[in-house]
Amino acid sequence: MKKALLSLGIGLLSISLLAACGKSASNKPTSTKDMRVEVIAKGFQHDFWKSVLKGSKQAADKHGVKLNFVGPKDETAVAEQLEMLNNAINKNPSAIVLAALDTKSEIDAIQNAKDKNVPVIGFDSGVPGAPKGAVKANAATDNYKAGGIVAQHLYDAIKTRLGKGQVRIGIVSQEVNSMSLSQRTGGFIDKMTKLLEADPNVGKGQVAVIGHDKYNNDVSTKNAKAIIELRVPAEVTDAAGKTEAAALLEKKDLIGIYGSNELGVKAIINANEAMGDRIGSTGDKVVTVGFDSGKLQQDAIRSGKFLGSITQDPIKIGYDAVDLAVKAAQGKKVKDVDTGVKWYNKDNIDDKDIQALLYE
Amino acid sequence: MAQTIKKAKIKSTESTYTKITNAIGLQQIVILIVLILIYALFAAASPAFRSGNTMTSIMDASYYVGFLGLGVTFVIITGGIDLSIGTSMMCAAITGGVVYNELHAPVWVALVVIMVMATGVGLINGILVAKFKLPPFIATLGTMMITRGLGSIISNVKTETFPLRGSANGWYKSIFRTDGNFPTGVILLVVMAILASVVLNHTKVGRYIFAIGSNREATRLSGVNVVTSEAMAYVIAGFFAGLAAIAYAATYTTIMPGTGAGFEMDGIAAVVVGGTSLAGGVGSIVGTFIGVFIMTVLKVGLPYLDLQPHYQIFITGFVVLLAVYVDIYRNRKANK
């Protein structure tokens, strides 16, 4: 026991002694050459983030600043991302670019950055609910608006099939906690509900939303003319996503389905392969729409299995975020940038301006 | 530790060198030196690493791994394993969140619920392994999946957020870090480590846990109630998973459903790096404590070298292998 305590004591003492040796370095460089920008993404392995990284690098090269780009293993790794953020702040960078998985868990750290006068730039889903004045500007997609655009395209494709009994529209959403996905899903649900309620074959109070407390309404599914059913996988894996997509595709009254990001889209494609082509863009197939890109999704659009998808501009998101970060670090005034979205289908997928936004 | 000392007494053939190293606990000293070396390396490589804030980050990252590691040390010494601690920790934490957010109970009630739930999962593990003789790997694999699903069921697949620092109910956060950024959690961690060390080395249950790990059958034949003692190891692991859950909630605020898988391995790796043998019968709390800090210093330190996360995991794997090899090599040499 004595030596146990002794070792503990020695360990702690040496740690604290070593800790005391250090002093924080200054973080106010004058030229961009001495600047370093820490970028903390929400992921790393997804193609989307690779394109964001590409854009970030372009901006870093243009300004001649040092860039460090990290991201947690998946979008549930809240603890991992907070540790990355703490690290970034401790390194006294010129600016931090952040896409928060969960602002509440990171509020202390963000406050800390603010106290140290390190400007924070939000990107992708940004840092919603951050302490006032901590986040200088955002480079992001308006996901709510984008979700509505998807709903409009899907509605146009299915409206002739309304009024012949109960119909169902499915959504596979990776999760509904982050700002970006909850808005894409919410934007879709709100717009679709509005369009269906305005349709003479459906009508007001005839659209039931089910699947998650966050969006459910009180319309009973029994008599509703249309059901919007949201499915959220139990965990963030392709396998769990596929299970949920398959559960939707099993339903005979399903006429449309929407995957709100790359995982959701993959889930639909994988489930469809296992059950003999339920999805398509015409006839009696389940009309399918998506979000983001990726190889599988692009193939599905070219082959007509998908009606179309919305793409963000990941390279522009990465570029604008780092660009804003450098400007904020120079003390310039910065404001939010909407990085925009585009609808693409099999007619325009190979256009040059669309291809530039897609990633595999 | 107690075990190695006992061995030294029985074996008359052992050299004076081994006797000395056993007496001062060479194993702990070696890994302590490794820890200091790793720290010094990062401190030399990066001026920012030497700041007090970094120390706070290291402490923040160490709490849940530390509690998981301390608890599972008991199980590993019995020769068993507990794969459920990570998910049962998150299951307990998210349940605490539901109690606070949905049932509007005070925070302390939520914390008590967390402790009861995690300890309860430990008790179930103990009964499955000690009483029903299920292999520990299988039993805890089962409860790992059960707790992972249960957390999602209880929370209705919703993220639970604990009260923020500075809000009316944010006091529990100060258990682990004061508003002035002082890592008070380390005091709790040390106190619990000392307590665990006392239980392991100076109580009947602790001695029986070592004995079960060395030779279960012989321990049973000598009249020890192995069922109770073995089950106790899992209950202790569960109790510490509860502490880990509270530490996690206080440090990270948000608990997402379906998470926690993999956290058990962080704890188990710290135990193994600390010199506790997966074969059972050998192990120490001090070793685990230092092992925890080796893991967290690596985790917090590697990003200062601007390495991407996948390189960090890659390097951490090597450190685990190296630490375990050094330990095995030393043991082999000592037993010659």
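Naming convention: chains lettered A, B, ... in sequence-line order (proteins, then strands); numbering from 1 in each chain. The basis for the numbers below is simple: all heavy atoms, side chains too, and nothing from hydrogens, waters or symmetry mates. Only a predicted model underlies this, so the values are computations on that prediction, with no experimental measurement involved.
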Using heavy-atom distances under 4.5 Å, tell me whether [X] contacts chain B through its side chain, its backbone, both, or neither.
{"X": "A:Q111", "result": "neither"}
{"X": "A:A79", "result": "both"}
{"X": "A:D74", "result": "neither"}
{"X": "A:Q81", "result": "neither"}

Closest heavy-atom pair and its distance - [X], [Y]:
{"X": "B:M256", "Y": "A:T76", "value": "SD-CA, 3.7 Å"}
{"X": "A:V78", "Y": "B:Y252", "value": "CG1-O, 4.4 Å"}
{"X": "B:A48", "Y": "A:N90", "value": "CB-O, 3.2 Å"}

Contact listing (chain B partner; residues 209-217 of chain A; heavy atom under 4.5 Å): A:H212, A:D213
Side chain / backbone / both / neither for B:F49 at chain A, heavy atoms under 4.5 Å: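 Neither; nothing under 4.5 Å.
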Toward chain A, the part of B:T161 with a non-hydrogen atom under 4.5 Å: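 Contact with chain A involves the side chain of B:T161 alone.
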When A:N112, A:I107, A:N86, A:D108 are compared by non-hydrogen pairs under 4.5 Å with chain B, the top option: A:D108
Residue A:K50 excluded, over 12 heavy atoms near NZ under 6.0 Å: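 Yes, enclosed.
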Atom NZ of A:K114 with >12 non-hydrogen neighbours under 6.0 angstrom: yes
Inter-residue atom distance B:Q312.CD - A:M84.CE, 0.5 Å rounding: 6.0 Å
Which of B:S57, B:G166, B:G262 touches chain A most, by non-hydrogen pairs under 4.5 Å: B:S57
Chain A contacts, top residue of B:T259, B:T254, B:N156, B:T251 (heavy-atom pairs, under 4.5 Å): B:T254
pair A:E175-B:T159: side-chain heavy atoms closer than 4.5 Å: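 Result no, sub-4.5 Å side-chain heavy-atom pair not found.
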Sub-4.5 Å side-chain heavy-atom contact between B:N53 and A:K116: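 In short, these two side chains touch, coming nearer than 4.5 Å.
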